[in-house]
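One structure is given here, and the rest of the page talks about it.
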Amino acid sequence: MLPGLMRSQAQRAYCGAALVLLILTPLGYTRLPRWDPMVSAIGAVCLAALACLMASLQDGIPLSASVKTLLGWSYGIGAILLMTGWPWWHDLLSAWVKDPRWSRTLGMVDFALPGMILLPVGAVFLQVFRLHRAWPERAYILGGLGLMVLFLGKTWLDLFEIWFAEFISVNWFMAALFWTPVALVVATMGMFFGCLPQEFHRPSWRGSVTAVCYLAAAAMVPVGFCANGTGQLQLADAAALAVAIGILAPASVVTRRWILARFGGGSR
């Protein structure tokens, strides 16, 4: 599978970024995380997996090879700095730039990092619409990409609070510790389901049911986050349960069809 993801410069850029993120993941337990070590580790692994999945979707993007390569580097640099850039980047700026005003201004480059990831995500959106993928795969990929956009939007809001807000809400901070990695995990699973060959999906209405289950799970992620942040803990717990069920439904179907294809001489 890996050689199939290394045919072009763009694909190699994505896979290289994934490798660097996986190498840097253990550092999430020591010095690098902006939030919690576990949250940062999950984020790094998911962004690495998403890089490989986006690499597999490069062939159909209606852009030149050089532009797709630049987008691959944009994703890699943005994801790596987003996961590892705090606090060492700002410590380095403080040591090099003695004027605190200039150090603060240069440090605001953090705001560009989510945008560097958003550009290749938008390119994959183009690919999905251009190739007219079948319904189940299309639903999974668009659901995963939608959660990626929400994650990047939340990251921008976090950066705004870090740089400009006088205080950070404890409720929203604690909600982010749980729902931010959930959003990335659900997005990764959706992209993974969408990139699977057609034979791994259930035919007719059963494939639609599992796709709807996933889309419902994706929709429950922002609902659960808002419920958690506003103190509606019962609704947040219900949303978490719905997310788990929505992910397990397509995962169980895909696993069953893989087992039948691998050991049962085909699937029914």
Side-chain angles (χ1 to χ4, degrees), residues 21 25 28-29 32-50 78-79 81-87 90 107-118 121-122 125 139-140 142-191 212-251:
L21 282 167
T25 295
Y29 291 95
L32 296 176
R34 176 179 282 119
W35 298 107
D36 179 83
M38 182 62 71
V39 173
S40 294
I42 293 174
V45 171
C46 288
L47 287 173
L50 285 165
L81 289 180
L82 189 65
M83 290 292 102
T84 65
W86 191 284
H90 297 277
M108 288 184 184
V109 72
D110 287 344
F111 284 101
L113 301 180
M116 295 176 70
I117 302 174
L118 185 60
V121 168
F125 261 115
Y140 290 127
L142 290 179
L145 292 175
L147 282 178
M148 279 294 294
V149 173
L150 287 177
F151 163 73
L152 295 171
K154 177 62 172 63
T155 303
W156 262 315
L157 291 176
D158 292 340
L159 291 171
F160 182 84
E161 287 189 340
I162 290 170
W163 283 104
F164 297 109
E166 295 181 359
F167 64 92
I168 298 176
S169 170
V170 174
N171 288 341
W172 290 105
F173 175 81
M174 295 306 296
L177 287 178
F178 176 77
W179 287 100
T180 297
V182 168
L184 280 175
V185 169
V186 176
T188 304
M189 294 299 292
M191 293 287 288
V212 169
C213 285
Y214 173 79
L215 292 177
M220 285 296 104
V221 173
V223 171
F225 174 73
C226 292
N228 207 161
T230 55
Q232 303 177 59
L233 299 183
Q234 290 184 337
L235 178 57
D237 291 341
L241 179 61
V243 170
I245 294 173
I247 290 297
L248 288 175

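Only a predicted model underlies this, so the values are computations on that prediction, with no experimental measurement involved.
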- Run the side-chain contact (heavy atoms from CB on, under 4.5 Å) check on Phe173 and Leu177 step by step: do they pass? CA-CA 7 Å; Phe173 175 81; Leu177 287 178; 3.8 Å; yes

- Item | Residue pairs passing the ring pair (Phe, Tyr, Trp, His ring centres under 6.0 Å) test where at least one lies in residues 229-248, sequence neighbours excluded | none

- Could you state the interatomic distance from CG (Leu159) to NZ (Lys154), rounded to the nearest 0.5 Å? 9.5 Å

- Message: For Trp172, run the side-chain contact (heavy atoms from CB on, under 4.5 Å) check against Asp158, Asn228, Thr230 and tell me which one passes.
- Response: Thr230

- Report yes if some heavy atom in the side chain of Val186 is under 4.5 Å from a heavy atom in the side chain of Met189; otherwise report no. no

- Task: Mind listing the closest non-hydrogen atom pair of Ala187 and Gly144 along with its distance?
- Result: CB-O, 3.4 Å

- Item | Derivation and outcome, side-chain contact (heavy atoms from CB on, under 4.5 Å), residues Ile42 and Val185 | CA-CA 8 Å; Ile42 293 174; Val185 169; 3.9 Å; yes

- Task: Can you see which heavy atom on Ala175 is nearest to which on Gly229, and at what distance?
- Result: CB-N, 3.8 Å

- Note on the structure: Interatomic distance, CG@Leu147 vs CG@Leu50, rounded to 0.5 Å, equals 10.0 Å

- Note on the structure: Taken to the nearest 0.5 Å, the spacing of Met83 CE from Leu113 CG works out to 10.0 Å

- Walk me through it: do Phe151 and Val121 pass the test side-chain contact (heavy atoms from CB on, under 4.5 Å)? CA-CA 12 Å; Phe151 163 73; Val121 168; over 6 Å; no

- Side-chain contact test, heavy atoms from C-beta onward, threshold under 4.5 Å: evaluate it for Val221 versus Leu150 and give yes or no. no

- Output for pair (Cys46 SG, Met191 CE), nearest 0.5 Å, gives 12.5 Å

- Measure across Phe164 and Met108 and return the closest heavy-atom pair with its distance rounded to 0.1 Å. CZ-CE, 3.6 Å

- Ala239 to Gly224 - nearest heavy-atom pair and separation: CB-CA, 3.6 Å

- Query: Who are the side chain to side chain contact (heavy atoms under 4.5 Å, CB included) partners of Ala79, not counting sequence neighbours?
  - Reply: Leu21, Leu47, Tyr75, Ile117

